[in-house]
Protein chains: 2
Amino acid sequence: MAVSKREEFDQELVQIAEMGRAIAHPARVAILRAIAAKQGCVCGEIVDLLPLAQSTVSQHLKILKEVGLVKGEVEGPRSCYCIDWEILGKYSASFKQFLEMLPEHKISECC
Amino acid sequence: MAVSKREEFDQELVQIAEMGRAIAHPARVAILRAIAAKQGCVCGEIVDLLPLAQSTVSQHLKILKEVGLVKGEVEGPRSCYCIDWEILGKYSASFKQFLEMLPEHKISECC
DNA sequence: TCCTTCTATCGTATATCTACGATAAACGAT
DNA sequence: ATCGTTTATCGTAGATATACGATAGAAGGA
């Protein structure tokens, strides 16, 4: 019982929720910022920036890759992570649109 | 073991993550939109809009109230939910700022 | 008063997230 | 070929999230 019903919603809502899920942990926000700031994309230092074990950071990175915000490759002892700016742009556009659509009916105050 | 380390991050990051958590489920995105569209704030119809049980919707509403995006009161058989526009504005501002700060270093492509 | 309606909360079950250590896998250097 | 470095994955444990039915509580109407 209690199967998740995430997928029963409109694709648009699911997409916004995915964006939310991606940034729903401060570690992932920090990782995104770190990757964006490190234009060189050599990103072993992410682990040093965070109060988390290497394996935990790797899990957070995996989530970010699943959502699509981050793309990366590992070549042995080196790594290459970077923001997928296209995906990020898409997500943030639909998110901004959602935020700006909300107050359209902001007519009557209540409560 | 495995205590959450959410709170060990900068307050700024935690706040963005809270916003993310609030919209990390499509049901909550739908609820926010429904409340915003129903300027009258009589919101028993939310349950009818969603493929979820009333108690589940109530839980999602509780999360939105915890984060602060929604405020509401119940007066017996009537309800009054509405967006806290001030909080929403604060959150979305810091979120937009985060999004716009990210590509500042978008100099070198890689991967 | 009793009934209906609406919402919150409780209890419960399952799923997912978060976190760590241990280990594997890939590659450069020796 | 072996070692060291870097990252991913596995195994595991505890914490949250998700979902539902059952029930409680509050208020209006009969």
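Here is the naming used below: chain letters follow the sequence lines, and residue numbers restart at 1 for every chain.
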With a 4.0 Å cutoff (strictly under), does any side-chain N or O of [X] reach OP1 or OP2 of [N]?
X: A:T56; N: C:dA19; value: no
X: A:H60; N: C:dC17; value: no
X: B:K62; N: C:dT7; value: no
X: B:S55; N: D:dG21; value: no

**Prompt:** What is the minimum heavy-atom distance between B:L49 and B:A34, and which atoms define it?
**Reply:** CD1-CB, 3.8 Å

Minimum-distance nucleotide to [X] side chain [options: [options]]:
X: A:Q59; options: C:dC17, C:dT18, D:dC20; value: C:dT18
X: B:H25; options: C:dT18, D:dT18, C:dC20; value: D:dT18
X: A:I63; options: D:dA17, C:dC20, C:dT18; value: C:dT18

How many whole angstroms separate atom [atom1] of [X] from atom [atom2] of [N]?
X: B:E7; N: C:dT18; atom1: CD; atom2: P; result: 13 Å
X: B:K5; N: D:dG14; atom1: NZ; atom2: C1'; result: 14 Å
X: A:I46; N: D:dT6; atom1: CD1; atom2: C1'; result: 13 Å
X: A:E66; N: C:dT16; atom1: CD; atom2: P; result: 12 Å
X: A:L64; N: C:dT18; atom1: CG; atom2: P; result: 11 Å
X: B:L52; N: C:dA15; atom1: CG; atom2: P; result: 17 Å
X: B:D48; N: C:dT5; atom1: CG; atom2: C1'; result: 13 Å
X: A:I31; N: C:dT18; atom1: CD1; atom2: P; result: 11 Å

**Asked** So which one's nearest nucleotide on DNA chain D is more toward 5', A:R6 or A:Q54?
**Response** A:Q54

**Message:** Consider side chain to side chain contact (heavy atoms under 4.5 Å, CB included). Of B:I63, B:L32, B:D84, B:I35, which one does B:L69 pass it with?
**Reply:** B:L32

**Message:** Under 4.0 Å between a side-chain nitrogen and a carboxylate oxygen: does that hold for B:K96 and A:E100?
**Reply:**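 A salt bridge links B:K96 with A:E100.
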
**Item:** Side chains of B:E7 and B:V14 in contact at under 4.5 Å (non-hydrogen atoms)
**Value:**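 B:E7 vs B:V14: side chains touch.
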
**Request:** Answer yes or no: is there a donor N or O on one side and an acceptor on the other, between the side chain of A:R33 and the main chain of B:F98, under 3.5 Å?
**Result:** no

